[in-house]
Amino acid sequence: MSPLNIERIDGVPVARVREDIDAANVLTTEQQLADALHPDASSLIIDLSDIRYVDSAGIDMLLRLSNRLDHRRAKLILVIPDGSQLKRLATIVGLPDALDIHPTLAAALHGKR
Amino acid sequence: MSTPGSYMSEERRGHLLNITDSALGYMSLEDTLCELLERIRSALEVDTAAVLLLDEDRGVLVARAARGLEEEVRQGVQVPLARGFAGRVAAEARPVIIDDLDHADVVNPILRQKGIRSMLGVPVHVERRIIGVMHIGTLVKRDFDEDDVMLLQLAADRAALAIDNARISEQRAVTAIMQRSLLPDALPEIPGTRFSAKYLPAGSGIKIGGDWYDVFQLSSGRLAFVIGDVVGRGVLAASVMSEIRTALRAYMMQGHGLTEVVSMLNELLVSTGRNRGATLSILALDPEAEELEAVSAGHLPPLLIEPDGDARLLEYKPGLPVGVRIGHDYEAFRYRFPTGSRLLLYTDGLIERRNESIDEGLRRLATAARAAAQRTDSSFADRVYRALLDETPLEDDVALLAIETMPLQDTLEMTLPARPNVLGGLRNTLGRWLKALGATEDELFDVAVCASEAATNAIEHAYGAREANFTVFCEYDDSRVVVTVRDIGRWRTTRPHGGGRGLQIMRTLLDSVKIESNEQGTVVMMTKTLSTRT
């Protein structure tokens with residue numbers, strides 16, 4: 001299990017992930033992220049700046065979440081620092097084609113305004 | 001017609017008293033009491049003798065042993081305090097004589113059924129506490145005199161000792177069992193780390209305290225250590241220790257940071273109103289990052305021994321012991337912990353001595369640790385303990401936990417339980433191994449990530465199988481890294497983890513991936529050639 005830090009910045013829910021996402025916590029992380037979705041929010045920002053790694057099931061989870069938000073006309077936005085290992089992995093699996101990825105939280109929030 | 005009380009010869013008195021001395025060591029409490037009652041019956045020439053013990057919680061006296069009146073015990077007779085004959089003796093805390101039962105108020109019907117005519121009862125007490133009543137009775141009317149009272153009281157005093165000793169032994173045994181079950185079953189086996197521990201509760205009397213230690217791996221790959229000391233002794237201290245240990249594990253495994261964990265624990269203890277504080281140190285080690293994080297709640301500072309053998313106490317702000325006051329902020333401190341370092345956690349029983357300041361004790365500790373670090377035979381904790389205490393009788397509990405990290409071998413072989421929470425530790429160990437081999441950050445990430453994917457597969461194959469393990473074998477030869485993940489046993493076939501995405505990642509990041517699957521299990525062999533460095 002890994003508690004997420006969830007706060008609202010400028011009215012946007014931001015979930016900060018504190019531990020690598022792997023089989024040990026992917027289910028509870030998904031549950032916590034789903035709970036963070038506000039009924040009237042138009043987007044959810046997941047900040048992955050603090051972690052090194054998201055496994056294949058975690059990536060599937062993010063895509064699933066993105067689909068869910070799509071149905072509500074909302075966007076899933078990820079924060080992954082440029083040049084990081086996680087960015088490299090995300091690119092390999094084609095994540096940028098499916099989701100908005102910004103290098104910093106500020107950039108992600110800015111992209112919202 | 002009444003019979004005058006018999007004259008008790010010195011010899012018979014001596015005989016009566018001797019029996020209790022020898023009995024204490026060898027017989028069960030029941031047998032001791034019965035033997036004693038039998039001797040009293042013959043020495044005082046009475047027909048019945050019995051002992052009732054006080055159940056303080058319920059305020060009743062319960063028949064525990066009897067001679068000539070076995071029915072009392074068999075039928076589980078209970079006499080309320082202050083009621084009836086025995087109740088009066090206990091409530092008034094003095095001998096009571098009944099010359100003629102016909103005219104007396106007795107609660108216990110057995111006494112009348114038996115045909116008892118006269119009775120003498122005395123309180124059984126330990127120090128100032130009444131713990132029971134001893135009484136004797138005759139079937140013919142009798143005038144009990146002062147000699148009889150004195151002798152019965154003497155016998156009751158001896159019985160009191162036996163009863164109290166039995167209670168102490170029982171409490172000690174229960175506490176010892178609790179304490180043993182509170183310590184980790186075995187220290188974890190993680191490549192490149194070594195743990196050693198020593199735990200000695202102070203032995204004599206009821207001096208059983210609240211020291212404990214704990215070690216466990218987190219799903220992030222960090223290792224958590226705890227050492228602590230609950231105020232007070234005995235069963236209550238041990239049960240608070242148990243609560244603390246469980247709560248700390250739960251909070252840590254949920255992924256909370258160290259300061260949060262200690263604050264949450266503090267709130268828990270204060271809210272349960274136990275009024276029993278504890279000091280503790282909790283630390284988390286990242287072996288790959290070679291970093292140590294620590295929070296202390298009023299506990300003595302851990303000792304860090306550097307790879308070159310230099311020993312120093314970790315410096316930090318201690319914070320308040322937990323369970324004292326809420327709203328207290330705890331602070332986490334970080335230290336470098338390069339491979340080859342050692343850490344020693346301990347409780348004050350290890351270093352405190354009368355007529356010596358704590359600082360002197362800490363200096364002795366540092367000296368002992370430096371010397372112990374020179375040698376490699378027997379465990380580090382053991383060597384430190386022997387240097388400081390060895391034959392000295394313990395006045396206080398002692399708990400020690402030592403952690404060392406060592407360089408990894410060129411070949412790594414791990415057998416891991418098929419549970420998802422081992423994945424973080426696997427990545428951490430692989431990261432250390434690859435860094436030592438000179439892999440670049442990209443290469444390190446690639447191999448660790450792919451091994452984790454293959455391991456996740458192995459774990460998912462084992463879903464539902466009890467106590468399943470899988471192995472990870474890592475070799476390095478001529479710049480080429482080979483990692484082989486093997487599951488053992490019969491597996492149900494299942495879709496690869498990540499629905500194929502995992503395999504896609506592995507094939508992209510690695511030089512080669514070979515998967516062989518049959519009834520014996522699945523073998524995944526991964527290779528990556530590291531870029532050579534000059």
Side-chain angles (χ1 to χ4, degrees), chain A residues 1-7 15-33 35-36 46-67 80-99, chain B residues 217-222 250-257 260-261 264 286 288-289 418-428 430-431 440-446 448-460 462-463 495-509:
Chain A
M1 283 202 271
S2 166
L4 307 173
N5 281 345
I6 300 177
E7 45 176 352
R16 215 165 111 205
V17 179
R18 302 198 326 196
E19 272 181 15
D20 290 348
I21 300 177
D22 64 13
N25 58 22
V26 66
L27 292 177
T28 49
T29 304
E30 180 167 16
Q31 187 58 57
Q32 288 174 2
L33 286 169
D35 290 345
I46 302 179
D47 188 350
L48 302 172
S49 315
D50 291 341
I51 64 172
R52 276 167 82 180
Y53 167 64
V54 175
D55 80 347
S56 51
I59 290 167
D60 280 347
M61 183 261 291
L62 292 171
L63 291 168
R64 261 200 310 275
L65 214 51
S66 175
N67 284 339
I80 303 177
D82 279 339
S84 66
Q85 297 296 332
L86 189 54
K87 185 68 190 290
R88 202 164 65 90
L89 182 64
T91 310
I92 286 168
V93 297
L95 217 49
D97 301 331
L99 307 167
Chain B
Q217 188 173 47
L218 302 169
S219 58
S220 63
R222 287 207 298 177
Y251 299 149
M252 287 296 281
M253 291 194 195
Q254 282 165 20
H256 294 283
E260 275 178 295
V261 166
M264 286 162 76
D286 185 333
E288 188 190 351
R419 291 195 299 261
N421 60 14
V422 306
L423 292 167
L426 171 63
R427 291 193 299 271
N428 197 288
L430 274 173
T440 65
E441 285 219 15
D442 281 8
E443 290 164 344
L444 194 155
F445 181 81
D446 292 349
V449 152
C450 294
S452 188
E453 292 286 340
T456 307
N457 239 319
I459 290 166
E460 290 188 345
Y463 179 81
R495 274 163 27 106
H497 173 68
R501 192 184 304 284
L503 202 51
Q504 175 208 4
I505 291 172
M506 286 162 71
R507 293 208 192 280
T508 311
L509 296 180

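Chain naming here is simple, since letters A, B, ... match the order of the sequence lines and numbering starts at 1 in each. Quick caveat, the model's predicted, so the values are computed rather than measured.
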Legend entry - Side chain / backbone / both / neither for B:Leu218 at chain A, heavy atoms under 4.5 Å: neither
Legend entry - Proximal component of B:Arg419, with respect to chain A [non-hydrogen, under 4.5 Å]: neither
Inset, instruction - Below 4.5 Å from any heavy atom of chain B, which atoms of A:Ile21 appear? Answer side chain, backbone, both or neither. - result: neither
Legend entry - A:Arg52 portion near chain B, given a 4.5 angstrom heavy-atom threshold: both
Legend entry - Under 3.5 Å: donor-acceptor pair, side chain of A:Thr91, backbone of A:Lys87: yes
Legend entry - Exam field: side chain B:Gln504 to backbone A:Val93, donor-acceptor pair closer than 3.5 Å: no
Legend entry - Exercise: do A:Asp35 and A:Gln31 side chains pair donor with acceptor under 3.5 Å: yes
Inset, instruction - Using distance alone, with no hydrogens and no angle criterion, decide if B:Thr440 and B:Asp442 have a side-chain donor and acceptor under 3.5 Å apart. - result: no
Inset, instruction - Locate the shortest heavy-atom distance separating B:His256 from A:Arg18; write the atom from each residue and the value. - result: CA-NH2, 3.6 Å
Legend entry - Among the listed options B:Leu423, B:Asn421, B:Leu509, the residue most often paired with chain A at heavy-atom distances under 4.5 Å: B:Leu423
